[in-house]
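Shown next, in structure tokens, is the structure this report addresses.
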Amino acid sequence: MLQTEFNFTLPLGYVDAEGNLHREGVMRLATALDEITPLKDPRVRSNQGYLLMILLSRVITKLGTLEFITPKIIENLFAGDLTYLQDLYCRVNKNGHDRVRTNCPHCEKQFDVELSSMGE
């Protein structure tokens, strides 16, 4: 069965206007429309860096108690959290999962590590 949603924990967390910290979230796989639609946005046309803000706001379906994620919320993330989400987006949309293959440093046997919760 295809996994389309991925839980994550931000390394630092988003602090809303009331001072509440939001770290746990859900990101879904992106569709072609998710990647095409932001290209029409005037904010992206004037600044290509804004593409990430809109794209993440489309695919993050929950962040803490927030269920409607806007580009403004993404703009106000700490840089480390933004980098974490960008990496997660790339992994899950390229591979369809959030696992990486690694080797045991002791026995050198290969195994997969799930990274979604590694932001903690």
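Note that these values count all heavy atoms, side chains included, but never hydrogens, waters or copies made by symmetry.
Not one N or O on the side chain of Arg28 forms a donor-acceptor pair closer than 3.5 Å with the backbone of Val59. Panel note: side chain Gln3, backbone Glu5; a donor-acceptor pair is recorded below 3.5 Å.
Here the CG atom belonging to Leu88 is positioned 10.5 Å from the OG1 atom belonging to Thr9, to the nearest 0.5 angstrom.
Pairs passing the salt bridge (charged side-chain N to carboxylate O under 4.0 Å, His left out) check and including a residue from residues 58-68, sequence neighbours excluded, read Asp34-Arg58. Sorted pairs that involve residues 48-57 and meet salt bridge (charged side-chain N to carboxylate O under 4.0 Å, His left out), not counting sequence neighbours, are lacking altogether.
Clustering ILVMFWY residues whenever any of their side-chain heavy atoms sit less than 4.5 angstrom apart, transitively, puts Leu66 in the very cluster that holds Ile60.
Thr4 meets the side-chain contact (heavy atoms from CB on, under 4.5 Å) test with Leu2, Leu29; sequence neighbours excluded. Residues passing the side-chain contact (heavy atoms from CB on, under 4.5 Å) test with Lys40: none are found, sequence neighbours excluded. When the side-chain hydrogen bond (donor to acceptor under 3.5 Å, both in side chains) test is applied to Tyr89, the partners found at least two apart in sequence or on another chain are Glu35. Annotation: side-chain contact (heavy atoms from CB on, under 4.5 Å) contacts of Asp41 (sequence neighbours excluded): Arg43, Val44, Ile54. Evaluation of the side-chain contact (heavy atoms from CB on, under 4.5 Å) rule for Gln86 yields Leu52 as partners, not counting sequence neighbours.
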Return all side-chain donor-acceptor pairs below 3.5 angstrom for residues 69-82, not counting sequence neighbours, or 'none' if the list is empty.
{"unit_1": "Thr70", "atom_1": "OG1", "unit_2": "Lys72", "atom_2": "N", "d": "3.4"}
{"unit_1": "Thr70", "atom_1": "OG1", "unit_2": "Ile73", "atom_2": "N", "d": "3.3"}
{"unit_1": "Lys72", "atom_1": "NZ", "unit_2": "Glu75", "atom_2": "OE1", "d": "3.4"}
{"unit_1": "Glu75", "atom_1": "OE2", "unit_2": "Tyr50", "atom_2": "OH", "d": "2.4"}
{"unit_1": "Asn76", "atom_1": "ND2", "unit_2": "Lys72", "atom_2": "O", "d": "2.8"}
{"unit_1": "Asp81", "atom_1": "OD1", "unit_2": "Leu12", "atom_2": "N", "d": "2.9"}
{"unit_1": "Asp81", "atom_1": "OD2", "unit_2": "Gly13", "atom_2": "N", "d": "2.7"}

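In this structure, the side chains of Leu63 and Phe68 stay at 4.5 Å or more apart for every pair of heavy atoms. For the pair Phe6/Val26, no side-chain contact is recorded, criterion being any heavy-atom separation below 4.5 Å from C-beta on.
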Would Leu85 and Met27 count as a side chain to side chain contact (heavy atoms under 4.5 Å, CB included) if you check the C-alpha gap in whole Å, the side-chain angles of each, and the deciding distance to 0.1 Å? CA-CA 9 Å; Leu85 289 170; Met27 179 185 290; 4.1 Å; yes
